[in-house]
Amino acid sequence: MGKNKIHRLVVRAFWISLIFCIGFSWFYMKQVIPDKLNIVAEEEEQFHFSMPFDVTLHSDSEQVVLNNGSNIPSDQIHLQLNQPFSVYSKNQGSYKLGLKLFGFIQLKDIEVNVVDTKYAIPCGSPIGIYLKSKGIMVIGTGDVTKKDGMTTEPAFGILQSGDYIETINGTPLKDKESLMSELNKIGAAEAILKVRRNDESIDVKMNPVETEDGTYKLGVWVRDDTQGIGTMTYVDMNGQFGALGHGISDSDTGNVVQITDGSLYETAIMGIEKGTFGKPGVMSGIIYYGPGSTLGSITANTEEGIFGTVNDRFKQTIKQDAIPIGYRQDVKKGLAYVRSDVSGKIRDYEIEIQRVDYSTTHKSKGMVIKVTDPDLLALTGGIVQGMSGSPIIQDGKLIGAVTHVFIQDSTRGYGIFIENMLNH
């Protein structure tokens, strides 16, 4: 092989490696550096991002002061490998920081929200949850047997899993029973369904099919509500609550259920099945439905959890004190506590925060945690279904909530930053 050819190969390999390194670094910094930061007014907050290259951070507002011990003016600082920096603002509001690679390539903008000190009560108590879907949710389509004995699937290719049927011929639908009633009124005539699909409203035309028992059907499996057991994460000073740390999804479609409203109810934990390798544990309990057992109202079911307002009945059960909110920059690896009622009494159990992801890519997976408390391990084997929403406390601050358990290791799981729940 000639020297010129070897030289060309070396040069080509160099440029390919350089492009790969720059591309990887770009992607890495896009992922590791958050799009949003929350800081408390008149308190200097320190941040620390691992940088593969030097970058420049600059403030577009005189209200936000940057500092990293260098001689660069306070509106612009140079971030180097493993070098912390601080942000300070006297006034509340929303501001922007710009991040540039090599000092001139615009990488991203970081939104800085300057807030007053927030407090909330970490609860850890079990709650019964009932949600009413916004419209009649389509789970799937299926065969129906017509009056003549033939089978057909009238909704196939017309309605989809995850659709919400809102009206028939202009008549609003409250529940499954109202859907069945309207279908029997229409008979075999054309029915115009107003359907919400991917947040868009569309009209779907179908003819109900008369079945063997004389009723009319569309050939769809539907659901109008859902329920379950979870854990209350926090209640703020105004009685607003956040729970679960992740949305309630339909068990068949996997989609977060879109709701009109819902309620919290008293619940009693009857038993705990410990988690084993490949099989998460679960808390089993009874939900006490009824007006005398209501604990609050649910107004939102989101990817960050369920939210609403607790009533006086729930407030009277709270024995814990309010503590400050810790933002993502306050979270660090090491000792923390998870608050839970799995033993029948609310108490704090030791955990270890093993990894912190400061980016906003996975809203409900900002932390990897490991249960280390021998009492909790003896009770549950680690994290079990039903513990979602259990508050995580570190250095006297509410920093997050348990969201998921690792299937292959029930002692470990994910946690969400509390600020993601507060900003839902």
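Fair warning: this is a prediction, and the values are worked out from it, not measured in the lab. Every heavy atom of this structure was used, including side-chain atoms; hydrogens, water molecules and symmetry mates were not.
With sequence neighbours excluded, no residue satisfies ring-ring contact (aromatic ring centres under 6.0 Å, His included) with Phe241.
Tested against Leu218, the residues Val209, Asn207, Leu183, Ile158 include a single side-chain contact (heavy atoms from CB on, under 4.5 Å) partner, Leu183.
At most 12 heavy atoms of other shown residues, nucleotides or ligands fall within 6.0 angstrom of atom NZ in Lys134. Atom CG of Asp213 sits in a crowded spot, with more than 12 heavy atoms from other residues, nucleotides or ligands closer than 6.0 Å. Annotation for Lys96: atom NZ does not count as buried by contact number, only 12 or fewer foreign heavy atoms lying within 6.0 Å.
Taking the six-membered ring for Trp, Tyr288 and Tyr265 have ring centres at least 6.0 Å apart.
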Check the pair Glu200, Arg197 against salt bridge (charged side-chain N to carboxylate O under 4.0 Å, His left out), reporting the backbone distance first and the verdict last.
-> CA-CA 5 Å; Glu200 293 185 6; Arg197 177 179 296 166; over 6 Å; no
Might you work through the side-chain hydrogen bond (donor to acceptor under 3.5 Å, both in side chains) test for Asp225 and Tyr130, ending with a clear yes or no?
-> CA-CA 7 Å; Asp225 61 10; Tyr130 175 83; 3.1 Å; yes
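Legend: side chain to side chain donor-acceptor pair (under 3.5 Å) pairs involving residues 370-379, not counting sequence neighbours, sorted by first then second residue: Arg347-Asp375, Lys370-Thr411. Judged as a ring-ring contact (aromatic ring centres under 6.0 Å, His included), not a single pair has a partner in residues 314-339 (not counting sequence neighbours).
A pairwise comparison of heavy atoms in Cys123 and Val235 identifies SG-CG2, 3.8 Å as the closest pair.
Ser388 and His246 share a side-chain donor-acceptor pair at under 3.5 Å.
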